[in-house]
Amino acid sequence: MKLKSPKWLAVPAAALLALTLAACGGASATPSGSPTDALKGSDQQTLDKYTTADVTPLDKIDKSKLGLITPGTIKVGTLSDAPPNIFIDKDGNFTGYDNELLKAMAAKLGLKVEFVSTKFQSLLAQVSTKQFDMGSSSISTTDARRETVGFTNGYDFGYMAIVVKDGAKVKTFDDLKAGVRIGVVQGTVQDDFVTNTLKLDPVRFPDYNTVYANVKSGQIDAWVAPSQQAEGQVKAGDGTNIAQKKVNTQNFTAYAVAKENKPLTDALNSALDAVIADGTWSKLTAQWYPDRPTLKEQTPEGWKPGSKAVQVGTAK
């Protein structure tokens, strides 16, 4: 299989800079109320509890009962600034690993996809109140978040990373201590990790562009980030680097759906198993994550996507 260069590399620097400058006023933003422990329930036993044993066959899905805002079209809330997972390309199209995978799933169901840009802090509430049929944003599934929305089976696993300026004193997660100015995107699992696990008070930002700009400018000492977004932001010549990253297969990534809309969740799970079985998932994973070229890298530590029954097909 010939691998293509990740499409997010084509995003113009000027476009990213414009998004960064437009959002710079949020550097000192803090969330309303006290942060909750979103990591609660993120263990392998919990994932086994939520991952379905199998799925409904595609030909048994009744598309008239999916509760879509517009029949025949899935309206999806997503982000515009988090390559390589969810972003807008140089031609103005929503793309990225999560969204391209979702397009392939929708095709299995014979449905169209309409993407709408939003902020992560608002996304789950917008899905819950049916402003969107679903959310696509590399969402880590946790018990706390399941109180607001439902989730599909997992399609990705997580890495957590530390981004710093070249020559910084912070080298590892062990260096994240009191006195270190730690940046996070508000409402993310990384926000909860720093707040509730490390028991530190991070500087909360509204989006990935803004927090990265503050690393580069030295306003913060380190950014605790999803590894995929860290790799999408850090460029040669920026004067920054990814100091450390670690895998977390016990906190899988899934699409968010309104809790009461089980027919749509079931349909998406069926479509996800279909693209896993036919090799599409492996092909897209290798394309968008160059560090995961083979099934071994794509399924570390025994983790696999989809239902418990599906077998991961090879890329074609």
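Counting from 1, the numbers follow the sequence of the chain as shown. For clarity, every value in this text was computed on a predicted model and none was experimentally measured.
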[X] side chain near [Y] side chain, heavy-atom distance below 4.5 Å:
| X | Y | value |
| --- | --- | --- |
| Gln219 | Arg181 | no |
| Val180 | Leu200 | no |
| Leu102 | Asp98 | no |
| Arg145 | Val189 | yes |
| Phe193 | Val184 | no |
| Leu111 | Lys63 | yes |
| Val257 | Phe151 | no |
| Leu68 | Leu264 | yes |

message: Quick check: is Val163 connected to Ile220 through a chain of hydrophobic side chains (ILVMFWY, heavy atoms under 4.5 Å apart)?
response: yes
List the atom of [X], the atom of [Y], and the distance in Å for their closest heavy-atom pair.
| X | Y | result |
| --- | --- | --- |
| Val164 | Ala243 | CG2-CB, 4.0 Å |
| Val310 | Pro305 | CG1-O, 3.6 Å |
| Tyr289 | Pro84 | CE2-CG, 4.1 Å |
| Ile69 | Gln131 | CD1-O, 3.5 Å |
| Tyr97 | Thr285 | OH-OG1, 2.9 Å |
| Lys245 | Ala161 | CB-CB, 3.9 Å |

message: For the residue pair Thr280 / Asp278, report whether a side-chain donor-acceptor contact shorter than 3.5 Å exists.
response: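 On atom types as modelled, these side chains qualify, holding a pair under 3.5 Å.
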field: Any donor-acceptor N or O pair under 3.5 Å, side chains Ser138, Asn85
entry: yes
- prompt: Can you check salt bridge (charged side-chain N to carboxylate O under 4.0 Å, His left out) on Lys75 and Asp133, steps first, answer last?
  reply: CA-CA 5 Å; Lys75 186 174 182 180; Asp133 294 311; over 6 Å; no
Does the [X] side chain pair with the main chain of [Y], one donor and one acceptor, at a distance under 3.5 Å?
| X | Y | result |
| --- | --- | --- |
| Asn99 | Gly96 | no |
| Thr148 | Ala125 | no |
| Gln121 | Pro206 | yes |
| Thr52 | Ser307 | no |
| Thr152 | Tyr255 | yes |
| Thr51 | Lys308 | no |
| Lys259 | Glu147 | yes |
| Asn261 | Leu66 | yes |
| Asp191 | Arg204 | no |
| Trp281 | Val312 | no |

How long is the straight-line distance from [atom2] of [Y] back to [atom1] of [X], given to the nearest 0.5 Å?
| X | Y | atom1 | atom2 | answer |
| --- | --- | --- | --- | --- |
| Thr142 | Phe252 | OG1 | CZ | 10.5 Å |
| Ile162 | Ile182 | CD1 | CD1 | 8.5 Å |
| Gln244 | Ser227 | CD | OG | 11.0 Å |
| Gln298 | Asp291 | CD | CG | 10.0 Å |

- request: List the steps, then state whether salt bridge (charged side-chain N to carboxylate O under 4.0 Å, His left out) holds for Lys169 with Asp175.
  value: CA-CA 8 Å; Lys169 294 181 179 180; Asp175 295 328; over 6 Å; no
task: Is it possible for you to check whether Arg292 lies under 6.0 Å from the centre of the six-membered ring of Phe157, through NZ or CZ, and within 45° of that ring's axis?
output: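 Relative to the ring axis of Phe157, which defines the angle, Arg292 lies inside both limits.
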- prompt: Quick one: is the NZ or CZ of Arg146 closer than 6.0 Å to the six-membered ring centre of Tyr50, and within 45° of its axis?
  reply: yes
message: What I want to find out is whether Lys283 reaches Glu100 closely enough, with some N-O distance under 4.0 Å, to be called a salt bridge.
response: no
- request: Decide yes or no on side-chain hydrogen bond (donor to acceptor under 3.5 Å, both in side chains) for Thr70 and Glu114, but give the supporting numbers first.
  value: CA-CA 10 Å; Thr70 302; Glu114 175 191 354; 5.3 Å; no
- prompt: More than 12 heavy atoms of other residues, nucleotides or ligands under 6.0 Å from NZ of Lys171: is that the case?
  reply: yes
task: Please work out which of the three classes, parallel, tilted or perpendicular, describes the rings of Tyr212 and Trp223, given edges at 30° and 60°.
output: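 Trp223 and Tyr212: tilted rings.
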task: Please determine which of Thr56, Thr265, Asn153, Asp59 meets the side chain to side chain contact (heavy atoms under 4.5 Å, CB included) test together with Ser270.
output: Thr56
query: Is there a side chain to side chain contact (heavy atoms under 4.5 Å, CB included) between Asp266 and Lys60 once you walk through the steps?
result: CA-CA 11 Å; Asp266 289 346; Lys60 301 297 183 182; over 6 Å; no
message: Please report whether the ring centroid of Tyr208 lies less than 6.0 Å from that of Phe120.
response: no
